[in-house]
Amino acid sequence: MTRLLVLLLPVIVAVVMWKYSAWSGARSLDRNSTRLRDPALLALVDRLAAAMELDHIPVHIHETPVVNGLAAPDGRVFLTRGFLRRYEAGEVTGEELISVVAHELGHVALGHSKRRMIDFSGQNLIRMLLTTVLGRLIPVIGPLIANMATKALAARLSQQDEYEADEFATALLIKAGFSADPQISLFEKLDALTQQGPRMTPAWLLTHPETHRRIEVIRTNVAKWTGPRLSKP
């Protein structure tokens, strides 16, 4: 019984942490967000809604200067004020910004937030087991290896979520009549927009796939669905 409790404890802790994080994050978003009100962007969002056979898709603006989009655990979709300012400055088109909304809708529709809770719980358990086993076999270094292996697993699962959300967004954009061009063109300028220089972190530890790889996968999907002509740059 004691051993069972020891094994279940990391899972219980992970669930509680995820619940608290979701609650805390939702409160922060409530305090620091407003509804999107740009008429031109709202018209583009309505095209996504029509493609999904929905009456309306509420999009919120999170008051932070960073360039990002996010899907909250409660299903809400957010763009950051920093992203909106790039649009207002003409650095990003409305269609490119809508491709971000489509991507975040993918996270919501595919249930990634809930799946991440399950993954996080399992990762805690794996980390504990590996640390215990490797710690005995390879003192000092063993726990470091266990931690690195768990991080690699978490990164791989996170990258898979991003690929799935990209694929959902591509299909939705095509159905809504945008094509995948805005999604690709945004990725081509994304590193400059987010002011990211050369990454020192190994690709297998990144939470998001490398941008060039995401573009390649999107073009492959477009070619598979609509023919090779539309997959060319």
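Hydrogens, waters and symmetry mates are skipped; everything else that's a heavy atom, side chains included, is used.
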Engineer: Among pairs that include at least one residue of residues 33-61, which meet ring pair (Phe, Tyr, Trp, His ring centres under 6.0 Å), considering only residues two or more places apart or in two chains?
Structural biologist: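 Listed once each, the pairs are His60-Phe78.
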Engineer: Name all residues meeting the side chain to side chain donor-acceptor pair (under 3.5 Å) criterion together with Glu88; count only those two or more places apart in sequence or in a different chain, and write none if there are none.
Structural biologist: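 Applying side chain to side chain donor-acceptor pair (under 3.5 Å) to Glu88 gives none.
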Engineer: Measuring from Asp166:CG to Ile218:CD1, what's the distance to the nearest 0.5 Å?
Structural biologist: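 Rounded to the nearest 0.5 Å, the CG-CD1 separation comes out at 4.5 Å.
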Engineer: Determine the sole option in Glu188, Glu162, Glu167 for which the salt bridge (charged side-chain N to carboxylate O under 4.0 Å, His left out) test with Arg214 is passed.
Structural biologist: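 Of the listed options, the one satisfying the test is Glu162.
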Engineer: Over all heavy atoms of both residues, which pair between Ala102 and Leu48 is shortest? Give the atoms and the distance, please.
Structural biologist: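 Of all heavy-atom pairs spanning Ala102 and Leu48, the closest is N-CD1, 4.1 Å.
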Engineer: Give a yes or no on whether a salt bridge exists between Arg76 and Asp30, defined as a side-chain N under 4.0 angstrom from a carboxylate O.
Structural biologist: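 Yes, this pair counts.
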Engineer: Sequence neighbours excluded, which residues qualify as side-chain contact (heavy atoms from CB on, under 4.5 Å) partners of Lys189?
Structural biologist: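 With sequence neighbours excluded, Lys189 shows a side-chain contact (heavy atoms from CB on, under 4.5 Å) to Glu96, Leu186, Leu193, given in chain and number order.
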Engineer: Report the distance from atom CD1 of Ile57 to atom CG of Leu36, rounding to the nearest 0.5 Å.
Structural biologist: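 Taking CD1 in Ile57 and CG in Leu36, the distance rounds to 11.5 Å.
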Engineer: Flag the pair Asp181 / Leu173 as yes when at least one side-chain heavy-atom distance between them is below 4.5 Å, and no otherwise.
Structural biologist: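 No. Closest side-chain heavy atoms not under 4.5 Å.
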Engineer: Partners of Arg85 by salt bridge (charged side-chain N to carboxylate O under 4.0 Å, His left out), sequence neighbours excluded?
Structural biologist: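 Partners of Arg85 under the salt bridge (charged side-chain N to carboxylate O under 4.0 Å, His left out) test: none.
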Engineer: Report the C-alpha distance between Arg219 and Glu216 in whole Å, list the side-chain angles of each, state the deciding distance to 0.1 Å, and finish with yes or no for salt bridge (Lys or Arg N to Asp or Glu O under 4.0 Å).
Structural biologist: CA-CA 5 Å; Arg219 286 183 172 145; Glu216 290 174 1; over 6 Å; no
Engineer: Test of understanding: with side-chain contact (heavy atoms from CB on, under 4.5 Å), list the residues that count as partners of Ala51, not counting sequence neighbours.
Structural biologist: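 Per chain and number, Ala51 pairs via side-chain contact (heavy atoms from CB on, under 4.5 Å) with Leu172, Lys175, Ala176.
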Engineer: Quick one: which residue pairs count as a salt bridge (charged side-chain N to carboxylate O under 4.0 Å, His left out) with a foot in residues 32-43, not counting sequence neighbours?
Structural biologist: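 Qualifying pairs: none.
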Engineer: Can you tell me how far CG of Leu41 sits from CG of Leu79, rounded to the nearest 0.5 angstrom?
Structural biologist: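 The distance works out to 8.0 Å.
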Engineer: Are any non-hydrogen side-chain atoms of Thr170 and Val222 less than 4.5 angstrom apart?
Structural biologist: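 Sidechains of Val222 and Thr170: in contact.
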Engineer: Could you give all pairs that pass the salt bridge (charged side-chain N to carboxylate O under 4.0 Å, His left out) test and reach residues 54-67, with sequence neighbours left out?
Structural biologist: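 Those involving residues 54-67 are Glu63-Arg81.
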Engineer: Consider only side-chain heavy atoms of I, L, V, M, F, W and Y, link residues closer than 4.5 Å, and tell whether Val100 and Leu54 are in one cluster.
Structural biologist: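 Looking at the clustering, Leu54 is in the same group as Val100.
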Engineer: Enter the distance from Leu105:CG to Leu110:CG here, rounded to the nearest 0.5 Å.
Structural biologist: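 Interatomic distance, Leu105 CG to Leu110 CG, rounded to 0.5 Å: 10.5 Å.
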Engineer: List the residues meeting side-chain contact (heavy atoms from CB on, under 4.5 Å) with Ala50, not counting sequence neighbours, and say none if there are none.
Structural biologist: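 If we apply the side-chain contact (heavy atoms from CB on, under 4.5 Å) test to Ala50, skipping adjacent residues, there are no hits.
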Engineer: Nearest 0.5 Å, please: how far is CG in Leu70 from CG in Leu29?
Structural biologist: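 Interatomic distance, Leu29 CG to Leu70 CG, rounded to 0.5 Å: 6.0 Å.
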Engineer: Could you state whether Val217 and Ile184 fall into the same hydrophobic cluster, counting links through intermediate Ile, Leu, Val, Met, Phe, Trp or Tyr residues with side-chain heavy atoms under 4.5 angstrom apart?
Structural biologist: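 Different clusters: Val217 never reaches Ile184 through Ile, Leu, Val, Met, Phe, Trp or Tyr contacts under 4.5 Å.
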Engineer: Over all heavy atoms of both residues, which pair between His112 and Asp161 is shortest? Give the atoms and the distance, please.
Structural biologist: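 Minimum heavy-atom contact is CE1-O, 3.1 Å.
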Engineer: Which pairs count as ring pair (Phe, Tyr, Trp, His ring centres under 6.0 Å) when at least one residue sits in residues 165-184, sequence neighbours excluded?
Structural biologist: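 Those involving residues 165-184 do not exist here.
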Engineer: Using the rule that Ile, Leu, Val, Met, Phe, Trp and Tyr join whenever any side-chain heavy atoms are under 4.5 Å apart, tell me whether Leu84 and Val66 fall into a single cluster.
Structural biologist: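 Hydrophobic grouping puts Leu84 apart from Val66.
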Engineer: Would you mind listing every salt bridge (charged side-chain N to carboxylate O under 4.0 Å, His left out) that reaches into residues 40-50, with sequence neighbours excluded?
Structural biologist: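 Not a single pair qualifies under salt bridge (charged side-chain N to carboxylate O under 4.0 Å, His left out).
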Engineer: For residues 87-106, which residue pairs pass the ring pair (Phe, Tyr, Trp, His ring centres under 6.0 Å) check, not counting sequence neighbours?
Structural biologist: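 Sorted pair list: His103-His107.
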Engineer: Check each of Val67, Thr211, Asn68 against Thr194 using the side chain to side chain contact (heavy atoms under 4.5 Å, CB included) test, and report the only one that passes.
Structural biologist: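 Among Val67, Thr211, Asn68, the one meeting side chain to side chain contact (heavy atoms under 4.5 Å, CB included) with Thr194 is Val67.
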Engineer: For the residue pair Ser185 and Pro182, what are the closest heavy atoms and their distance?
Structural biologist: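 Distance-wise, the nearest heavy atoms are OG-O, 3.1 Å.
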Engineer: Considering residues at least two apart in sequence or located in another chain, which fulfil the side chain to side chain donor-acceptor pair (under 3.5 Å) criterion with Glu104?
Structural biologist: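 Result, side chain to side chain donor-acceptor pair (under 3.5 Å) vs Glu104: none returned.
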